[in-house]
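Comments concern the structure below.
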Amino acid sequence: MTARVATIIAMTALAFIGPIVLRSTRAEEPASAKLAHRVLGQDRGRVVLRDAAGQVAWEFPTPRHTAHDLSALDNGNFLIPTSNTTIVEVTPDKKVVWTHVSKPKPGYTGKVEIHAFQRLADGRTMIAEAGNRRIIEVDQDDKIVKEIPLVVDRPDSHRDTRRARKLDNGHYLVCHELDGVVREYDDAGKVVWSYKLDLAGRPATPGHEGHGTEVFNALRKADGNTLIAGGNNNRVFEVDPSGKLVWSIDHDELPGIKLAWVTNLQPLANGNLVFGNTHAGPGNPQLIEVTRDKKVVWTLKDHKIFGNDLAAAIVFD
């Protein structure tokens, strides 16, 4: 998704959500909240719209589930995962108007998990299915109209994939978490580009606070470069089509902030980048906005409304 499209979607969604205030909960308000970002995020068993004053303006229950993706649609509705296998489209008044449930494909009897999805311009919905190791596109009747098999070196029904996006050229950019590889597939399912993460000169360590190559997110820029949220690689970085590193923020490069699982990626219309810092603990912000020269201009550090698992979030200007 381009920054321009993301901005249009965000503005449309806010036009619907703005008047709806079901209840208010005062939260921590860092000094950076003066920039007045709203945040839609999923954590602690619910999707919440947190307004710029640190209050809950809207919420939708997602019990017993931690989401890895979330979408604000151009019709004002939201795509929300309510379980490992279920996605619903929800209106601002909380009416479910569309549902998809992923099931094991023929010949496969293991678990299936959804960690990425995207409503496409033609009305279809793209879904990346871990376990099934495929991308599907379903129509408005939830019928599978396209299937792309995925290359997975280390199959794992929980970690085959994380974020995935269909690109403007019709290809698919897929993060394979356990493989530690970002792969681009063409329309026929052939891998046409890949980038394998490394440890960036640091030893591997276990746990959510550890260090590894389990990639979470990637976006293709208009200039052909790829932004990557490294997951437990503890950094956000950019590579050119040849795989050369052209920009990065390391785990300890921002003053007073330690990066853990880097998750969300959202380029803003002003040229800044918002990225997620999940599993980093209460001493660190969950979302960070930086300029191209790595100056921190806004953070979300709200451990009352959101917790330590904020891996799916959208910032609205």
Side-chain angles (χ1 to χ4, degrees), residues 1-3 6 68-69 115-118 126-130 133-135 148-156 158-205 210-251 253 259-267 273-279 288 290 292 294 311-312:
M1 181 186 297
T2 65
H68 288 153
D69 208 349
H115 298 282
F117 47 86
Q118 178 186 10
M126 183 215 74
I127 300 162
E129 295 181 324
R133 302 199 295 278
R134 66 180 182 176
I135 281 178
I148 300 291
L150 297 176
V151 175
V152 179
D153 297 329
R154 302 171 65 188
D156 185 297
H158 180 60
R159 297 188 289 175
D160 285 340
T161 58
R162 278 302 180 260
R163 290 281 180 92
R165 288 294 183 263
K166 190 170 187 178
L167 304 177
D168 291 342
N169 63 2
H171 293 186
Y172 304 87
L173 194 64
V174 182
C175 292
H176 294 275
E177 186 188 62
L178 191 57
D179 285 355
V181 177
V182 180
R183 296 186 176 101
E184 179 183 348
Y185 298 81
D186 68 13
D187 188 62
K190 179 182 177 181
V191 177
V192 296
W193 182 86
S194 65
Y195 180 85
K196 185 172 181 60
L197 275 68
D198 58 43
L199 290 170
R202 299 166 53 213
T205 54
H211 179 60
T213 60
E214 296 178 10
V215 62
F216 190 94
N217 199 353
L219 294 178
R220 179 63 46 76
K221 296 178 60 184
D223 62 5
N225 289 355
T226 304
L227 276 170
I228 298 175
N232 72 347
N233 207 230
N234 318 129
R235 59 177 178 151
V236 56
F237 58 100
E238 180 180 333
V239 298
D240 68 14
S242 71
K244 179 183 177 182
L245 183 71
V246 297
W247 183 85
S248 67
I249 296 177
D250 208 347
H251 73 294
E253 193 169 349
L259 302 185
W261 281 72
V262 181
T263 50
N264 289 285
L265 284 175
Q266 186 179 348
L273 176 68
V274 174
F275 64 92
N277 189 27
T278 309
H279 303 313
I288 304 163
V290 295
R292 184 66 182 183
K294 308 181 188 181

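Two residues are said to be in side-chain contact when any heavy atoms from C-beta on lie closer than 4.5 Å; Asn233 and Phe216 fail this criterion. Between His176 and Val174, some side-chain heavy-atom pair lies under the 4.5 Å cut-off. When side chains are defined from C-beta on, Val182 does not count as touching Ser194, because their heavy atoms never get closer than 4.5 Å. Between Arg202 and His251 there is a side-chain heavy-atom pair separated by less than 4.5 Å. Side-chain atoms of Tyr195 and Val215, non-hydrogen and from C-beta on, never get closer than 4.5 Å to each other. Side-chain contact between Phe237 and Val262 is absent, with no heavy atoms from C-beta onward closer than 4.5 Å. Here the side chains of Glu177 and Thr161 are not in contact, with every heavy-atom distance at 4.5 Å or above. Here the side chains of Met126 and Tyr172 are in contact, with some heavy-atom distance below 4.5 Å.
At distances below 3.5 Å, at least one donor-acceptor pair connects side-chain atoms of Asp179 with backbone N or O atoms of Asp153. Formation of a donor-acceptor pair under 3.5 Å by the Asn234 side chain with backbone atoms of Gly210 is found in this model. Under a 3.5 Å cut-off, the side chain of Asp186 and the backbone N or O of Val191 do not form any donor-acceptor pair. A donor-acceptor pair under 3.5 Å is formed between the side chain of His211 and the backbone N or O of Leu199.
Going from atom CG of Asp240 over to atom OG1 of Thr226 covers 9.0 Å, rounded to the nearest 0.5 Å. Distance CD1/Ile288 to CZ/Phe275: 4.0 Å, rounded to 0.5 Å. If you take CG on Asn232 and OG1 on Thr263, they are separated by 12.0 Å, rounding to the nearest 0.5 Å. For the atom pair CG of Leu265 and CG of Leu227, the computed distance is 6.0 Å after rounding to the nearest 0.5 Å.
Across every non-hydrogen atom of Ala218 and Cys175, the tightest pair is N-SG, 3.4 Å. Pro155 approaches Arg133 most closely through the heavy-atom pair CB-NH1, 3.8 Å. Here the closest heavy-atom approach between residue Asp187 and residue Gly170 is recorded as OD1-O, 4.1 Å. Across all non-hydrogen atoms, the minimal contact from His171 to Asn169 is N-OD1, 2.9 Å. Listed here is the closest heavy atom pair of Arg159 and Arg162: CA-NH1, 4.0 Å.
Inspection of the Arg163 and Asn264 side chains reveals an N or O donor paired with an N or O acceptor under 3.5 Å.
Using cut-offs of 30° and 60° for the angle between ring planes, the His158 and His115 rings count as perpendicular.
Of the candidates Asn217, Val290, Ile249, Ile249 is the only one forming a side-chain contact (heavy atoms from CB on, under 4.5 Å) with Val236. A salt bridge (charged side-chain N to carboxylate O under 4.0 Å, His left out) with Glu184 is found for exactly one of Lys166, Arg165, Arg220, namely Arg220.
Crowding of Lys190 atom NZ: a count of heavy atoms from other residues, nucleotides or ligands under 6.0 Å not exceeding 12.
Electrostatic pairing of Asp198 and Arg235 counts as a salt bridge here, judged by a charged N lying under 4.0 Å from a carboxylate O.
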- Residues Ile135, Tyr185; criterion side-chain contact (heavy atoms from CB on, under 4.5 Å); working and verdict: CA-CA 10 Å; Ile135 281 178; Tyr185 298 81; 5.6 Å; no
